[in-house]
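The structure appears right after this line, and notes come after that.
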Amino acid sequence: MTTHFKDTLAEMLRTVTEELNTIAVLNEESGDWVAVPVGTEVAEPDNNEAADVVEEWNERRALVAVVETDYRNIIRALEKIADNRYGVCEISGEPIEEKRLQANPAARTCIAHMNDEGTLAL
Ligand SMILES: [Zn+2]
């Protein structure tokens with residue numbers, strides 16, 4: 001069963017890493033993804049363009065944060081498979097439902113605690 005999830009997670013990791021590489025660079029030391037600037041190609045930005053650039057920059061950073069969370073959850077799930085700790089809710093310690101893992105192999109919690117997953121440390 002975990003072999004199937006391992007393959008799916010490896011594929012998810014490839015996809016997410018590709019996506020991050022288009023909007024961010026990996027800081028090898030900290031392991032954090034840092035958003036790369038947008039719109040620097042504007043030659044002489046007027047105020048409206050400058051405002052657009054700021055907005056795009058904020059959107060990009062928000063997107064990097066979301067995708068980076070996926071990235072970390074996928075890596076964590078792969079580590080759990082390696083350590084034989086996969087499929088256990090990080091909040092209750094109960095087994096995570098099969099259908100939850102089918103929907104999201106990187107899930108960190110059972111269905112009862114899925115709304116609290118965001119409160120777990122990255
Ligand atoms: Zn739980």
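Remember, it's 1-based here, ligands and their atoms both numbered in the order they're listed.
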Take the Zn ion (ligand 1) as the vertex and measure to SG of C89 and SG of C110; round to 10°. 120°
Residue among V16, T15, T22 satisfying side-chain contact (heavy atoms from CB on, under 4.5 Å) with V67: V16
Answer yes or no: is there a donor N or O on one side and an acceptor on the other, between the side chain of E94 and the main chain of C110, under 3.5 Å? no
Minimum heavy-atom distance between N73 and E117, given as atom pair plus value: ND2-OE2, 3.8 Å
Under 4.5 Å between side-chain heavy atoms, counting indirect links through other Ile/Leu/Val/Met/Phe/Trp/Tyr residues: same cluster for I81 and L13 or not? yes
For the Zn ion (ligand 1), the nearest N/O/S atom on H113 is atom ND1
Let me check your reading of the structure: within less than 2.8 Å of the Zn ion (ligand 1), is there an N/O/S atom from S92? yes
